[in-house]
Number of protein chains: 2
Amino acid sequence: MEAPRDFDALKLLLVSRRADLPRRLQQVAEFAVAHPDELAFGTAASIAELASVQPSTLVRFAKAVGYSGFSDLQSVFRHRLRDRWPDYGERLRTLHDAQPAAEDPARLMFGFAEAASASLQRMRQTVASEDLDAAVAILAGAETIYLVGMRRAFPVAAYLAYALPKLGIRSLLIDNVAHLGADQLAHVGPRDALVAISFSPYTPTTVELAAAAVARHAPVVALTDSPFSPLAELATVWLEVIEADFGAFRSMAATFCLAMTLAVAVGERRSADGAASAARQSTVDQGVGTKL
Amino acid sequence: MEAPRDFDALKLLLVSRRADLPRRLQQVAEFAVAHPDELAFGTAASIAELASVQPSTLVRFAKAVGYSGFSDLQSVFRHRLRDRWPDYGERLRTLHDAQPAAEDPARLMFGFAEAASASLQRMRQTVASEDLDAAVAILAGAETIYLVGMRRAFPVAAYLAYALPKLGIRSLLIDNVAHLGADQLAHVGPRDALVAISFSPYTPTTVELAAAAVARHAPVVALTDSPFSPLAELATVWLEVIEADFGAFRSMAATFCLAMTLAVAVGERRSADGAASAARQSTVDQGVGTKL
DNA sequence: CCATGCTTGAAACGTCCGTTCCGTTGAGGC
DNA sequence: GCCTCAACGGAACGGACGTTTCAAGCATGG
């Protein structure tokens, strides 16, 4: 039968033949492609559990694809790991040696990745955990969390609008559709909170909306990039995120990271505060279900 | 006892303590340093034969160096292979295993930062520059770039909707407001292109909209997380981004990075193609003005 | 509605693995 | 030359592994 001897060929085969496979075998195929490292190191039992199938299904799968058994299949994944060493360094070197003309998309990608990593690194050192705690405290106490971010900051606000409800937290994205921003924010009050996100050059709308919230005595948590940001003086608590840039483009990695942190921390704080509700599972420890 | 947890430390230990060791144990030490891959994958019996010792000697060796047994020693060699991008996998795991009460926001932030870094690192290795080139070519040739991303993927699409116009590229965000997605996409054609972004579990709307674009003969560039993604079979070109997760939360760093790369690369390609227009300054090299 | 064939879950099987135990070997001290 | 003790080889053990088997589940076609 077929039985490809290297990982890439196997991957191709799985993709092309996936439709013909039974349900559980598809499940294995997907897991194998998504977690090749597990296949290399795990035992049949451990892999089966991670993929939510029976060990016997793994053997069936291996045979269906043409191998003599699970062990035979596994050897392909092991060889992949052995042979993959010189990869990354090699690529970097050729990229460096290439023309400095940033024409090459791969080169751009490396640059942006570099910038993102630098941003993350910096954030770890600069964000004070007291500020973080203060921000979490405010948001955990809020009835509704209003979210404002325009232009470049909008994706961050949009992400929070996606994540917070998943954590059982009431939130409202001020997207300013049809210029209705002020109206969307009309009912904010002292028992709510506003998350405002803006970076230089600060979108006036964001600042105005934050000011409006302050006027209505709502606490404001700001994510911004400088102590001189207009948001910094308005905000009850503000967190400084400085993103590195590559050429004219700033990373967003650190900001997103902070946003995720805030969301999850608030979720955990609430379930800790609010709930003597049985032994509640911690959000970060929950299983392999849908990721947020 | 001592028992170093990573390969480099073990190597150092072996070199320094080799003289003190009994003859057969020296033999094992030399073999281990010379053939680490064998140690990672082989069985005690197979390794023993290659090193010309008894299996029991391997166990003795492991205990002499401070491990609880051969298996314990072997895990060090396995982790070495697994962490081709050394730190992250392991560090993430230990962060996970640390007290599940990840109550501390700072701890959460570190976890998310690790996940983001791991995602970026992984992306550098897995995204093929040919695919990237192909995607850029398609988008550079498009009259209008339509952008689709729902739920978790929406922030990415929203970011592109912000960045592309700044680069002089006509784009249209299909945000599906009022369920008008299909209508927003109504005029897409062969001369346009669609960027579709979706991750497991794939939002049906995104897949449907991509299918609609294909039906109208528009090329589709997909950002997704598996060859088995419904977007992968629909797309003209698809790019695989696998994000690491921390607990139930997936990073978005790599996806954003790719999105930025696509945007800028398309911008550059266009100005290179379209313009004998004087010595035009490259986008990434431009000065310290407003960052995108 | 039943018969058929494939898929699936669970348990049983036999093998090979890592480990332990014990007898033998060889070198150094008295 | 004998005693002591660490080093070593080899066999035996218990456990975990991959594999096989079998019966139940399920949809399909007659």
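Here is how names work: the chains are called A, B, and so on, in the same order as the sequence lines, proteins then strands, and each is numbered from 1. Fair warning: this is a prediction, and the values are worked out from it, not measured in the lab.
Phosphate proximity of dT20(D) to Lys63(A): present, with a side-chain N or O under 4.0 Å from OP1 or OP2. Contact check, Arg60(A) against dT7(C): no side-chain N or O comes under 4.0 Å of OP1 or OP2. Proximity of Arg23(B) to the phosphate of dG26(C): no side-chain N or O atom is located under 4.0 Å from OP1 or OP2.
The CZ-P distance, from Arg78(B) to dG18(C), rounds to 9 Å in whole Å. Here dC17(D) presents its C1' atom at 11 Å from CD of Gln74(A), a figure rounded to the nearest Å. The distance from atom CZ of Arg24(A) to atom C1' of dC6(C) is 15 Å, rounded to the nearest whole Å. Taking atom CG on Leu58(B) and atom P on dT20(C), their separation rounds to 13 Å, with Å as the unit. Taking atom CD on Gln27(B) and atom C1' on dA7(D), their separation rounds to 13 Å, with Å as the unit. Taking atom CZ of Phe61(A) as the reference point, atom P of dC6(C) lies 20 Å away to the nearest angstrom. One can place CG of Leu25(B) at 6 Å from P of dC8(D), the figure rounded to the nearest angstrom. In this entry the distance linking CZ of Phe70(B) with C1' of dC17(C) reads 10 Å, nearest Å.
Taking the side chain of Pro22(A) as heavy atoms from C-beta on, and the options dT8(C), dG18(C), dC8(D), the nearest nucleotide is dT8(C). Comparing dT8(C), dT19(C), dG18(D) by their closest approach to the side chain of Ser71(A) singles out dG18(D). Of the listed nucleotides (dG18(C), dT8(C), dT19(D)), dT19(D) has the atom at the smallest distance from the side chain of Val59(A).
A search for side chain to side chain contact (heavy atoms under 4.5 Å, CB included) contacts involving Ser46(B) returns Thr43(B), not counting sequence neighbours. Considering only residues two or more places apart in sequence or on other chains, Glu38(A) meets the salt bridge (charged side-chain N to carboxylate O under 4.0 Å, His left out) condition with Arg82(B). With sequence neighbours excluded, the residues that form a side chain to side chain donor-acceptor pair (under 3.5 Å) with Arg5(A) are Asp72(A), Ser75(A). By the side chain to side chain donor-acceptor pair (under 3.5 Å) test, Asp175(B) pairs with Gln184(B), sequence neighbours left out. Every residue was checked against the salt bridge (charged side-chain N to carboxylate O under 4.0 Å, His left out) condition with Glu49(A), not counting sequence neighbours, and none meets it. Looking at residues two or more places apart in sequence or on another chain, you find no salt bridge (charged side-chain N to carboxylate O under 4.0 Å, His left out) involving Glu208(B). A search for side chain to side chain donor-acceptor pair (under 3.5 Å) contacts involving Ser119(B) returns Glu243(B), not counting sequence neighbours. Residues satisfying the ring-ring contact (aromatic ring centres under 6.0 Å, His included) criterion with Phe256(A), sequence neighbours excluded, are Tyr159(A), Phe256(B).
Note that the two end axes of the helix from dC1(C)-dG30(D) to dC30(C)-dG1(D) enclose an angle of 10°, each drawn from 5 base pairs, rounded to 10 degrees.
Looking only at atom types and distance, the side chain of Thr224(B) has a donor-acceptor partner in the side chain of Ser229(B) under 3.5 Å away.
Of the possible donor and acceptor atoms, one in the side chain of Arg216(B) sits under 3.5 Å from a partner among the backbone N and O of Val188(B).
To the nearest 0.5 Å, atom CG of residue Leu39(B) and atom CZ of residue Phe70(B) are 6.5 Å apart.
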Provide a list of protein-nucleic acid N or O atom pairs under 3.5 angstrom, restricted to nucleotides 24-26 of chain D.
none

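Applying the ring-ring contact (aromatic ring centres under 6.0 Å, His included) test to residues at least two apart or on different chains, none of the pairs has a partner in residues 200-239 of chain B.
For the segment residues 46-57 of chain B, the set of residues with a heavy atom within less than 4.0 Å of an atom of DNA chain D comprises Gln54(B), Ser56(B), Thr57(B), in numerical order.
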